[in-house]
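Just follow the structure's listing: the first ligand is 1, and inside any ligand the first atom is 1.
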Amino acid sequence: MKRILVSGAFGQIGSELTLALRQVYGNANVVAADIRPECSQEMRDSGPVEVLDCTDGKLLASLVEKYRIDSIYHLPALLSAVAEAQPQRAWHLNMGGLMEALEVARERKCALFVPSSIGAFGPGTPRDDTPQDTIQRPNTMYGVTKVSGELLCDYYHRRFGVDVRGVRFPGIISHQTLPGGGTTDYAVSIYYEAVRKRRFTCFLKPGSFLDMMYMPDAIKAAIDLMEADPARLKHRNAFNVSAMSFAPEDICAAIQKHIPDFQMGYQIDPVRQAIADSWPRHMDDSAARAEWGWKPVWDLARMTADMLRVLGARYSFPTQLG
Ligand code: AKB
């Protein structure tokens, strides 16, 4: 049985991935670590919880020792929009934290999962069917840290034999924990506003197609990649993984099938629009499919029905199937 530490366990992905890992590997075998001391009751009651600043390598090493950890999921990062506002802090957290995780993984012989992002691409990258191996010249600090992170992880694998693996996540849509400061966040907020106010103001313009994924597929991608036979992996850091591609007007139309009087307007945020315009519209994920059997389950229609079902129940808002 694996013994896992999730760093950044209370963020959007961590809060659900940690509980999913506990289901698979046993509650006592998955340590939730985060810089924030507050977490959900379920997180605290179902397994070990520790406070961890991911840039503190000594503390990370001591937790790995204390719990005899053999696998780390390293999730902390400043997302694209907030990293653009605080580029120095983004470098310190995204790269400093990663370097500490890689060093601990090297010294303690841990496997390591490190998520990259569609943000690792830039304006010179082909935006449709973006190849696995292609031009990566991002023009945001988030992108710079993501592409540097991919290269650093590959280096640690080649040079030191660290078993480090990662995927390029698209925008992740979920209903447990809100994302903070990303460009794809509108595709989460829209569902909350639809059930609470029946109107939404979108900060990206119509036609802004981006790759997106529902959280259950994102969790499956992370766990399946870490379980994959290393002999089959030609790539490691990081695999394109794609599930759906849509523009704001598509998600609006999908919601209107359930909430016919839902309305969406636009107030464009130039910073996030420029970031979105530099990212892939749809990645080619055939390498992930061939090398470790990646296959998404959720599409826009099914995800929308599920998001509105959960949020509708939470905020006592009845939705109808169109
Ligand atoms: C962001 O929008 O910054 C993130 C991402 C796509 O990496 N959700």
query = How far is atom 8 (N) of ligand 1 from its nearest protein heavy atom, and which residue and atom is that?
reply = Thr184 OG1, 2.9 Å
Closest approach of any protein heavy atom to atom 3 (O) of ligand 1, naming residue and atom = Ser80 OG, 2.6 Å
ask   = Taking atom types as modelled, is there a side-chain donor on Ser116 or Glu150 under 3.5 Å from an acceptor on the other?
value = yes
query = Which of the numbered atoms in ligand 1 are below 4.0 angstrom from a heavy atom of Ser117?
reply = 5 (C), 6 (C), 7 (O)
request  = Decide, yes or no, whether a salt bridge links Arg309 with Asp306 under the criterion of side-chain N to carboxylate O below 4.0 Å.
outcome  = yes
query = Does a donor on one side chain sit under 3.5 Å from an acceptor on the other, for Gln273 and Asp269?
reply = no
query = Is any side-chain heavy atom of Pro170 closer than 4.5 Å to a side-chain heavy atom of Ser242?
reply = no
query = Of all the atoms in ligand 1, which lie at a distance below 4.0 Å from a heavy atom belonging to Leu79?
reply = 3 (O)
remark   = The protein heavy atom nearest to atom 2 (O) of ligand 1 is Thr183 N, 2.7 Å
ask   = Hey, which atoms in ligand 1 end up nearer than 4.0 Å to a heavy atom of Trp279?
value = 1 (C), 2 (O), 3 (O), 6 (C)
task = Would you verify whether the NZ or CZ of Arg196 falls within 45 degrees of the ring axis of Tyr315 while also being under 6.0 Å from that six-membered ring's centre?
result = yes
remark   = Any heavy atom of Ile118 under 4.0 Å from ligand 1? The part involved is side chain
Criterion side-chain hydrogen bond (donor to acceptor under 3.5 Å, both in side chains) on Gln12 and Ser174, from CA distance to verdict = CA-CA 8 Å; Gln12 187 200 11; Ser174 65; 3.0 Å; yes
